[in-house]
**Q** 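Mind having a look at this structure? Questions to follow.
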Amino acid sequence: MAHSDSTAGSSYSVSRKSLGFDRLAKPIQRWIWSKGWNHLRDIQEQAIPALLDGRRDLIVSAATASGKTEAVFLPLLSTALEKPGGDGFDLVYIGPTKALINDQFERLEDLCATLELPVYPWHGDVLQSIKARARRHPGGVLLITPESLEALFVLRGLEIPALFSTTRAVVIDELHALLNNERGIHLRSLLTRLEIAANRTIRRVGLSATLGEMALVRQFLRPEAPSSVQLLESSSASRELQVQIRAYVEKHGLDNDESAAKKSVADHLFAHIRGANNLVFAESRQNVEFYADRLRQMSENVRIPNEFYPHHANLSRKSRVDLEQHLKSSNFVTAVCTSTLEIGIDIGDIACVAQIGPPHTVASLHQRLGRSGRRPGQAAVLRMYAIEGAVGLNSHPLDRLHLGLVRAIAMVELMIEGWSESPAPLALHLSTLTHQILSVVAQNCGASANQIFTTLCRKGPFQGVDTKLFLQLLSQMGSKDVNLIEQSSDGLLLLGKKGERIVNHYNFFAVFQTPQEYRIIAQGRQLGVIPVVMMMSEGMTIVFSGRRWRIKSIDNDAKVIHVGASVKGKPPIFGGSTGLIDDVVIQRMKQIFAGSNFPIYLDSCACGLLHDARTEFRKLGLDSSCQIQLGSQNVLLATWAGTVKTATLAIALRTCGYRATVYDGLLDVTRIRCMQKFLECLDQLGLPHGLDEDALLDSDLNLVTEKFHRYLNLDLLLKDALSSRFDAGALPELIQNLHH
DNA sequence: GACCTGCTGCGGTTTG
């Protein structure tokens, strides 16, 4: 599929200049021949010698559908053919989604059949008979999710050494999707445990379209030897980019159902993107439903076929797969979506990517744009829409700064420069460590504390955890009321009663949390699911799956909602948490405020708002000061730092009795009764260890945010939060900078 | 003021 553009006129032969082709095993050369490829892609020419000659770990960075998968599988399969290794999987491919594994299976099936190598897909939807065959006759390629690999460790721990004894390489697809989250830590732990079980180093190959600072990505892939990781980037990447940022002013308050600005955005989309395949990223499921419904209505009003369909994780699998197929087979389809369509399977040619509101990371902007303009000679098109509140005499100064628009500009600039966010520095990840301790104990039917510490903390990804903290965690897990583990008379750690119950439930294998949900059903057909947190009542009307419904009945025991068609309704609220904006993005925002240049990609409304924002920036004095008095008890602090650092200062001030609200690089502090005392408090917080961590325990902060947090005590929860969600070490410098 | 991702074994019934 990646090569469909080169199959026309299949009488071509592979160019004699291709050195890579000559080095592949003969059956693979014949397969390439039979496909009619007339050349190997740039990234493939680079990857073939790198994988055949060396033994180094490798990162392959190239655009979606550039032939990355073939770039690594053709040479890796060549070595598997030429030097058969015996029983065990030759190659392991790790994919973050089931859909991607199914897709790769279809691409590899035909190639592996001609090579007489087995290829086994392995995830929750794969038939047990196929898994049983893979266990009986391990060999060839295993395509598996991190969670299914986890299940193998827990349920077949004793078979692991044999299954992976001959594995030459682990290929990790969509590496960027696993960099900055608990799932990525989980995978790194599994990779270490795989090497320990096989008793040797197994080569790691990471694939991605967009990656941040490479030094940190290398460290993620091979923490003990980051500099040995080789990096391959496609040189044929550069292509034309067309970008516009349009701004709209909301006159009647934001987030209103009758939002005139949202309707204007829909009008513009309707007028300009119909007649081609497009992706519209709307930033929340609620907005996805709003725009999909609005655009469908507009089509019906003028009696033309609807081209707009919603896509997000709460919609039924069938409606999502139908839309993905529709995108591949038709030329007149627009998906209004969340990040569901950001990664994963090939969805064909996309004419334009629209982004309503700034995204939360530059990395995802890269990834989204990578979905458009992939045909040679075709430009990538990005349309960004910024909705800003109207400003009046009584508006808050923060509203006059138009932070959303300025962030959108900062992110577009950084994206054009090729920058993106890096993996977070070492956090403790105590929830995931708790999970992995249970898993190692289950895998080995009991393990010593020393063995677990070596596996997970010395060699694995939990290197921020020292012996003392590790023992504190073990003792918490073994405490009477928690009872996840217990110690036998000879010192071996075993699963406790509670631990046994948790590990033996299929819900154990994933490290991430998922909310409880109601299924929503119309005439016997499931439309999707809605989180339990959403308040629902009979007779209520909603917009869901791009249509309008009335709730007929709610069954709280079965967690089912029955609906019938309606003419009214508004999108449900799905809930969620706040995003984390990087320091670099905020610093760029400050430069934009202080600058005078108007980027050519702004429309006239956006230019006007940027001008107003800069005027307000200077009027407030933010160009020369970081402490602005807004009222008798109200000060604006300009940290010009990202969410983690700014939120840390906010929390620190709360422990001193102040109230502080976090904005992009700015902190709105209220309840300041005495300015002198406030300044003294800031100085105190700016000293090394000036933050009273115990005082955090008294604040109403929610520390239970991850799946296994519920088994930890307050002390452990606080340590975990301070290592990830806060950055106490940054306070002295942050507060020092406030004096400039 | 957000989004996404994953999942085993077994018991019962039907079919060849």
Side-chain angles (χ1 to χ4, degrees), chain A residues 94-102 122-132 135 144-156 173-187 190 254-255 281-288 310-315 317 320 336-345 355-361 363-365 367-368 387 389 398 403-404 407 432 435 439 442 501-515 529 531 533 573-581 643 646-647 650 661-664 666 668 705-707:
Chain A
I94 298 185
T97 67
K98 294 187 282 194
L100 199 55
I101 285 177
N102 294 342
W122 189 309
H123 57 64
D125 296 344
V126 172
L127 289 175
Q128 297 229 14
S129 56
I130 293 174
K131 295 179 184 172
R135 281 174 54 214
I144 194 165
T145 60
E147 287 72 21
S148 282
L149 188 56
E150 172 67 47
L152 266 179
F153 271 98
V154 169
L155 302 169
R156 314 280 171 198
D173 206 354
E174 305 276 11
L175 184 64
H176 63 274
L178 298 162
L179 286 180
N180 254 331
N181 50 39
E182 287 306 300
R183 215 175 168 208
I185 300 297
H186 183 201
L187 175 59
L190 292 172
L254 295 171
D255 292 328
F281 291 95
E283 287 314 282
S284 74
R285 289 164 285 192
Q286 192 180 19
N287 273 340
V288 164
H311 193 287
H312 60 74
N314 287 60
L315 298 177
R317 184 164 300 276
R320 291 165 62 179
V336 185
C337 57
T338 58
S339 53
T340 34
L341 285 178
E342 195 174 300
I343 64 160
I345 64 161
Q355 168 75 44
I356 306 174
H360 288 87
T361 65
S364 73
L365 200 54
Q367 190 68 29
R368 289 171 185 189
I387 297 179
L398 280 163
L403 293 168
R407 168 136 57 98
T432 304
H435 175 263
S439 173
R501 217 170 42 234
I502 294 170
V503 171
N504 285 332
H505 193 276
Y506 68 81
N507 194 18
F508 174 74
F509 306 113
V511 294
F512 52 87
Q513 185 98 274
T514 39
V529 294
V533 289
I573 296 162
F574 291 89
S577 57
T578 54
L580 303 178
I581 315 292
T643 316
T646 307
T661 313
V662 178
Y663 294 85
D664 290 7
L666 299 165
D668 187 18
T705 53
E706 285 166 21
K707 191 172 173 185

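Order of the sequence lines sets the chain letters (A, B, ...), proteins ahead of strands, with each chain counted from 1.
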**Q** Quick one: A/Leu365 CG to B/dA2 C1', roughly how many Å, whole number?
**A** 15 Å

**Q** Categorize A/Val662 for me: base, sugar-phosphate, or nothing, with a 4.0 angstrom heavy-atom threshold over every strand shown.
**A** base

**Q** In whole angstrom, what separates A/Ile387's CD1 from B/dG1's P?
**A** 14 Å

**Q** Could you list the donor-acceptor pairs under 3.5 angstrom formed by side chains in residues 146-156 of chain A, with sequence neighbours left out?
**A**
from, atom 1, to, atom 2, distance (Å)
A/Glu147, OE1, A/Arg183, NH2, 3.0
A/Glu147, OE2, A/Arg183, NE, 2.9
A/Ser148, OG, A/Thr145, OG1, 3.3
A/Glu150, OE1, A/His186, NE2, 2.7
A/Glu150, OE1, A/Gln436, NE2, 2.9
A/Glu150, OE2, A/Ser439, OG, 2.6

**Q** For A/Glu342, check salt bridge (Lys or Arg N to Asp or Glu O under 4.0 Å) against everything at least two apart and list the hits.
**A** A/Arg368

**Q** Could you list the residues that satisfy side-chain contact (heavy atoms from CB on, under 4.5 Å) with A/Tyr663, not counting sequence neighbours?
**A** A/Leu398, A/Leu403, A/Thr661, A/Leu666, A/Asp668

**Q** Can you pull every protein N or O that's under 3.5 Å from an N or O on nucleotides 14-16 of chain B?
**A**
none

**Q** Rounded to whole Å, please give me the gap between NE2 in A/His176 and P in B/dC3.
**A** 18 Å

**Q** With a non-hydrogen cut-off below 4.0 angstrom, is A/Asp664 in contact with a base, only sugar-phosphate, or nothing?
**A** base

**Q** Taking side-chain contact (heavy atoms from CB on, under 4.5 Å) as the definition, give me every residue that meets it alongside A/Thr340, ordered by chain and number, with sequence neighbours left out.
**A** A/His311, A/Ala313, A/Arg320, A/Cys337, A/Thr338

**Q** Would you please name every residue forming a side-chain contact (heavy atoms from CB on, under 4.5 Å) with A/Thr514, sequence neighbours left out?
**A** A/Phe512

**Q** Quick one: list whatever passes side-chain hydrogen bond (donor to acceptor under 3.5 Å, both in side chains) with A/Asn314, sequence neighbours left out.
**A** A/Arg285

**Q** Reading nucleotides 4-10 of chain B from the 5' end, what letters show protein touch, with B for base, S for backbone sugar-phosphate only, - for no heavy atom under 4.0 Å?
**A** SBBBBBB

**Q** Would you indicate what A/Phe281 reaches in the nucleic acid, counting non-hydrogen atoms under 4.0 angstrom: base, sugar-phosphate, or nothing?
**A** nothing

**Q** Would you call A/Lys707 and A/Glu182 a side-chain contact if the rule is heavy atoms closer than 4.5 Å?
**A** no

**Q** Can you measure A/Asn287 atom CG to B/dC3 atom P for me and round it to whole angstrom units?
**A** 9 Å

**Q** For A/Asp125, give me all partners under side-chain hydrogen bond (donor to acceptor under 3.5 Å, both in side chains), at least two apart in sequence or on another chain.
**A** A/Lys98

